[in-house]
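Remarks on the structure that follows.
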Amino acid sequence: MTTAKDIMHTGAHWIPAHETLDRAAQMMRDHKVGALPVSANGEQDRMVGIITDRDIVIGCVAEGHDPSKVTAGELCEGTPRWIESSADVEAVLEEMQSHRIRRLPVVEDKKLIGMISEADLALHLTDEQVAGWAEMVYARG
């Protein structure tokens, strides 16, 4: 059985909710990622959301806000989603499809150990699995 841990990429990094969006953008650049899980202030084990590069552009910059004054916590919305490292690929696809998300943090013993992105799915799944996932996630809702 292929698990979330088998298809994730390692090296996911947290950003505290109190950090500003310009710092989040710098971290994304430095780590070559497009998303960062946001932790409750001072609690790296408690995720309060995920922030993406698109969130910064659309939710802050395009709205005329200063990314050096808006925090990651202010931009997070919704209930954070994640998956256990031992979950099988079908559970990963179901979680991402049902919540229409493109990135999914992977946890083990309540600790962030990686992230699954669209690129990871494309690398590790069959064409049929990727097509089904894309249809569900990108369908107009």
Side-chain angles (χ1 to χ4, degrees), residues 1-63 65-141:
M1 166 181 82
T2 303
T3 66
K5 190 172 187 173
D6 296 329
I7 67 170
M8 71 176 197
H9 61 271
T10 58
H13 299 276
W14 291 96
I15 186 162
H18 70 271
E19 285 285 359
T20 58
L21 298 181
D22 61 337
R23 179 68 186 123
Q26 293 162 0
M27 286 180 68
M28 289 179 195
R29 177 200 61 210
D30 294 347
H31 298 295
K32 297 177 175 59
V33 297
L36 296 169
V38 179
S39 66
N41 291 328
E43 297 181 53
Q44 276 206 341
D45 292 342
R46 189 167 151 255
M47 184 170 57
V48 296
I50 292 181
I51 191 162
T52 67
D53 46 7
R54 188 175 195 283
D55 293 334
I56 294 170
V57 171
I58 303 298
C60 178
V61 176
E63 293 293 323
H65 302 293
D66 181 350
S68 69
K69 293 186 172 36
V70 178
T71 67
E74 291 173 311
L75 202 59
C76 286
E77 294 180 359
T79 303
R81 309 302 311 180
W82 66 89
I83 196 143
E84 289 288 333
S85 63
S86 60
D88 69 21
V89 169
E90 291 305 318
V92 169
L93 293 173
E94 173 61 30
E95 184 70 14
M96 293 175 84
Q97 289 170 339
S98 65
H99 298 285
R100 300 186 70 190
I101 55 177
R102 296 171 182 94
R103 296 173 179 98
L104 185 62
V106 179
V107 298
E108 189 170 86
D109 298 323
K110 299 182 181 181
K111 303 259 190 248
L112 178 71
I113 64 165
M115 187 84 79
I116 297 173
S117 68
E118 296 166 292
D120 299 312
L121 297 179
L123 285 172
H124 297 285
L125 303 181
T126 67
D127 290 345
E128 292 79 23
Q129 287 174 308
V130 174
W133 173 84
E135 183 178 345
M136 293 298 294
V137 170
Y138 288 105
R140 294 186 188 264

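In this chain, residues are counted from 1 in sequence order.
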Report task. Step by step, work out the side-chain contact (heavy atoms from CB on, under 4.5 Å) result for Met8 and Ile113. Result -> CA-CA 9 Å; Met8 71 176 197; Ile113 64 165; 3.7 Å; yes

Query raised in the report: When rounded to the nearest 0.5 angstrom, what distance separates CD in Glu95 from CD in Gln97?
Result: 10.5 Å

Requested in this report: In sequence, state the C-alpha distance, the side-chain angles, and the governing distance for Val107 and Glu84, and then conclude on side-chain contact (heavy atoms from CB on, under 4.5 Å).
Outcome: CA-CA 5 Å; Val107 298; Glu84 289 288 333; 3.8 Å; yes

Requested in this report: Go through Leu36 and Thr52 one step at a time and tell me if the side-chain contact (heavy atoms from CB on, under 4.5 Å) criterion holds.
Outcome: CA-CA 6 Å; Leu36 296 169; Thr52 67; over 6 Å; no

Query raised in the report: How long is the span from the CD atom in Glu94 to the CD1 atom in Ile83, to the nearest 0.5 Å?
Result: 9.5 Å

Requested in this report: Measure the CD1-CG distance between Ile15 and Leu21 for me, rounded to the nearest 0.5 Å.
Outcome: 7.5 Å

Report summary line: Taking every heavy atom of Asp88 against every heavy atom of Met1, the minimum-distance pair comes out as CB-SD, 3.3 Å

Requested in this report: Taking Glu63 for its side chain and Cys60 for its backbone only, find out whether a donor-acceptor pair lies under 3.5 Å.
Outcome: no

Query raised in the report: Does the side-chain contact (heavy atoms from CB on, under 4.5 Å) test come out yes or no for Ile116 and His9, once each step is laid out?
Result: CA-CA 6 Å; Ile116 297 173; His9 61 271; over 6 Å; no

Query raised in the report: Just wondering, do Met115 and Pro37 contact through their side chains at under 4.5 Å, heavy atoms?
Result: yes

Query raised in the report: Taking Asp66 for the side chain and Ser68 for the main chain, is one N or O donor matched with an acceptor at less than 3.5 Å?
Result: yes

Query raised in the report: If you look at every heavy atom in Val48 and Pro80, which pair is closest and at what distance?
Result: C-CG, 3.7 Å

Query raised in the report: Cut-off 3.5 Å, side chains only: do Glu90 and Gln129 have a donor facing an acceptor?
Result: yes

**Report entry** By ring pair (Phe, Tyr, Trp, His ring centres under 6.0 Å) - contacts of His31 (at least two apart)
**Finding:** His13

Query raised in the report: Would a 4.5 Å heavy-atom cut-off, applied to side chains only, mark Ile101 and Arg81 as touching?
Result: yes

**Report entry** Residue pair Met28 / Ile56: nearest heavy atoms and the distance that separates them
**Finding:** CE-CD1, 3.9 Å

Query - Pairwise distance CG(Leu93) to CD1(Ile7) - rounded to 0.5 angstrom - result: 7.0 Å

Report summary line: To the nearest 0.5 Å, atom NZ of Lys110 lies from atom CH2 of Trp82 at 10.0 Å

Query raised in the report: From Glu19 CD over to Ser39 OG, what is the distance, rounded to the nearest 0.5 angstrom?
Result: 9.0 Å

Query - Within 6.0 Å of CG in Asp30, more than 12 heavy atoms from elsewhere - result: yes

Report task. Compare every heavy atom of Val92 with every heavy atom of Ala4, then report the nearest pair and how far apart it is. Result -> CB-CG2, 3.7 Å

